[in-house]
Asker: 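Before I ask anything, here is the structure I am working with.
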Amino acid sequence: MAIQVGEKAPDFELKDNHGASVKLSDFVGQKNVVLLFYPFAFTGVCTGELCELRDNLPQFSDRDTQLLAVSNDSIHTLRVFAEQEGLEYPLLSDFWPHGNVSRAYGVFDEDKGCAVRGTFVIDKEGVVRWTVVNGLPDARDLNDYVKALDAL
């Protein structure tokens, strides 16, 4: 079951597409976080969602928010994907131990071996304030994230 609104967001440390470590707790007291899980790089729905976020980054930065996108791909795959699509926000690798962070947030599909489409809006205190979890084929609506951020 996915983490619920009002719960403390589980801390994690993952490598980004450049090999740098990113810890969720580093943003506590600094920025809100939109934590977005997606199945795999280079797939149609995922590419569409992540490019839409790329095209609308000011909607997050203007709201003092860090966007973090997590998949179960390797950092090498994420590096090529980010370069190909011009993605300038961190793509985090939950590759090994495979899916540990996705499992902690309750969005790992054991049968498929990847995260489903889960999004968590986390406030500056590290508390989940909004969430949505969609199945693999169902894209999420960026406007829902912006509304959730405006409600903080």
Side-chain angles (χ1 to χ4, degrees), residues 2-3 7-109 113-134 136 139-146 148-150 152:
I3 295 294
E7 292 184 49
K8 183 87 168 155
D11 195 17
F12 61 81
E13 182 172 356
L14 293 173
K15 299 278 186 191
D16 72 8
N17 48 304
H18 299 292
S21 290
V22 175
K23 288 177 66 174
L24 180 63
S25 56
D26 288 343
F27 299 100
V28 172
Q30 307 295 317
K31 289 188 174 193
N32 302 307
V33 173
V34 171
L35 181 62
L36 173 107
F37 291 89
Y38 63 101
F40 292 113
F42 297 106
T43 58
V45 176
C46 296
T47 300
E49 283 188 318
L50 295 176
C51 288
E52 182 182 14
L53 294 169
R54 173 201 65 205
D55 296 344
N56 291 281
L57 273 178
Q59 293 198 49
F60 298 98
S61 59
D62 291 350
R63 288 168 174 82
D64 204 22
T65 300
Q66 177 65 54
L67 178 63
L68 299 174
V70 181
S71 79
N72 303 117
D73 296 296
S74 73
I75 61 171
H76 310 292
T77 299
L78 295 176
R79 182 177 305 122
V80 172
F81 182 56
E83 289 172 2
Q84 177 179 306
E85 300 299 334
L87 305 175
E88 296 182 6
Y89 51 87
L91 302 183
L92 306 180
S93 175
D94 191 18
F95 182 72
W96 197 258
H98 190 69
N100 268 7
V101 175
S102 305
R103 283 184 182 91
Y105 279 80
V107 295
F108 191 78
D109 184 325
C114 65
V116 296
R117 296 181 194 288
T119 304
F120 302 86
V121 172
I122 303 165
D123 68 15
K124 291 180 183 178
E125 286 73 47
V127 176
V128 175
R129 295 298 177 193
W130 181 88
T131 184
V132 65
V133 178
N134 288 3
L136 294 177
R140 294 158 284 194
D141 187 344
L142 170 102
N143 293 318
D144 291 341
Y145 311 161
V146 174
L149 288 168
D150 287 343
L152 293 181

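What you see is a predicted model, and the numbers here were worked out from it, not measured in a lab.
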Asker: Checking side-chain contact (heavy atoms from CB on, under 4.5 Å) for the pair Val121/Leu152: CA distance, chi angles, key distance, verdict?
Answerer: CA-CA 9 Å; Val121 172; Leu152 293 181; 4.2 Å; yes
Asker: side-chain contact (heavy atoms from CB on, under 4.5 Å), that's the test. Do Leu57 and Leu67 meet it? Break it down for me.
Answerer: CA-CA 8 Å; Leu57 273 178; Leu67 178 63; 4.0 Å; yes
Asker: To the nearest 0.5 Å, what is the distance between NZ (Lys15) and CZ (Arg79)?
Answerer: 11.5 Å
Asker: For residues Trp130 and Thr119, determine if any side-chain heavy atom of one lies less than 4.5 Å from a side-chain heavy atom of the other.
Answerer: yes
Asker: So which atom in Lys124 and which in Asn32 form the shortest heavy-atom distance, rounded to 0.1 Å?
Answerer: N-OD1, 3.3 Å
Asker: Please give me the minimum heavy-atom distance between Pro10 and Leu24, naming the atom from each residue.
Answerer: O-CD2, 3.4 Å
Asker: Only counting residues at least two apart or in another chain, list the ones meeting salt bridge (Lys or Arg N to Asp or Glu O under 4.0 Å) with Asp123.
Answerer: Arg129
Asker: Taking all non-hydrogen atoms of both residues into account, name the closest pair between Gly113 and His98 and its distance.
Answerer: O-NE2, 2.9 Å
Asker: Provide the closest heavy-atom pair for Ile122 versus Ala9 in the form atom of the first, atom of the second, distance.
Answerer: CD1-CB, 3.7 Å
Asker: Under 3.5 Å, side chain of Arg140 to main-chain N/O of Gly118, donor-acceptor pair present?
Answerer: yes
Asker: Distance-only, no hydrogens or angles: does the Ser93 side chain make a donor-acceptor pair with backbone N or O of Asp73 under 3.5 Å?
Answerer: yes
Asker: If I compare all heavy atoms of Phe40 with all of Thr43, which pair ends up nearest, and what's the gap?
Answerer: O-OG1, 2.9 Å
Asker: Do Leu68 and Phe27 come within less than 4.5 Å of each other through their side chains, counting heavy atoms only?
Answerer: yes
Asker: Of the options Val22, Asn100, Val70, which is the one that meets Leu14 in a side chain to side chain contact (heavy atoms under 4.5 Å, CB included)?
Answerer: Val70
Asker: So, does Tyr38 use its side chain to make a donor-acceptor pair with the main chain of Thr47 at under 3.5 Å?
Answerer: no
Asker: If you round to the nearest 0.5 Å, how far is CG of Asp26 from CD of Glu13?
Answerer: 8.0 Å
Asker: Considering only heavy atoms from C-beta outward, does the side chain of Val146 approach that of Arg63 to under 4.5 Å?
Answerer: yes
Asker: Within this structure, what is the CG-CD distance for the pair Leu35 and Gln66, rounded to the nearest 0.5 Å?
Answerer: 11.0 Å
Asker: Just wondering, do Phe81 and Leu87 contact through their side chains at under 4.5 Å, heavy atoms?
Answerer: yes
Asker: Relative to the ring of Phe60, is the ring of Tyr145 parallel (under 30°), tilted (30 to 60°) or perpendicular (over 60°)?
Answerer: tilted
Asker: Atom SG of Cys114 and atom CZ of Phe37: how far apart are they, to the nearest 0.5 Å?
Answerer: 12.5 Å
Asker: How close do Gly19 and Ile75 get, counting heavy atoms only, and between which atoms?
Answerer: CA-CD1, 4.1 Å
Asker: Drop me the distance from Glu49's CD to Asn134's CG, to the nearest 0.5 angstrom.
Answerer: 7.5 Å
Asker: Can you tell me if Asn72 uses its side chain to pair, donor with acceptor, with the backbone of Asp94 under 3.5 Å?
Answerer: yes
Asker: Find the distance between CG (Asp64) and CD (Gln30) and round it off to the nearest 0.5 Å.
Answerer: 9.0 Å
Asker: Is a side-chain donor or acceptor of Asp16 paired with a backbone partner of Leu92 at a separation under 3.5 angstrom?
Answerer: no
Asker: As a quick check of understanding, evaluate side-chain contact (heavy atoms from CB on, under 4.5 Å) for Val132 and Asp141, giving each step before the final call.
Answerer: CA-CA 10 Å; Val132 65; Asp141 187 344; over 6 Å; no
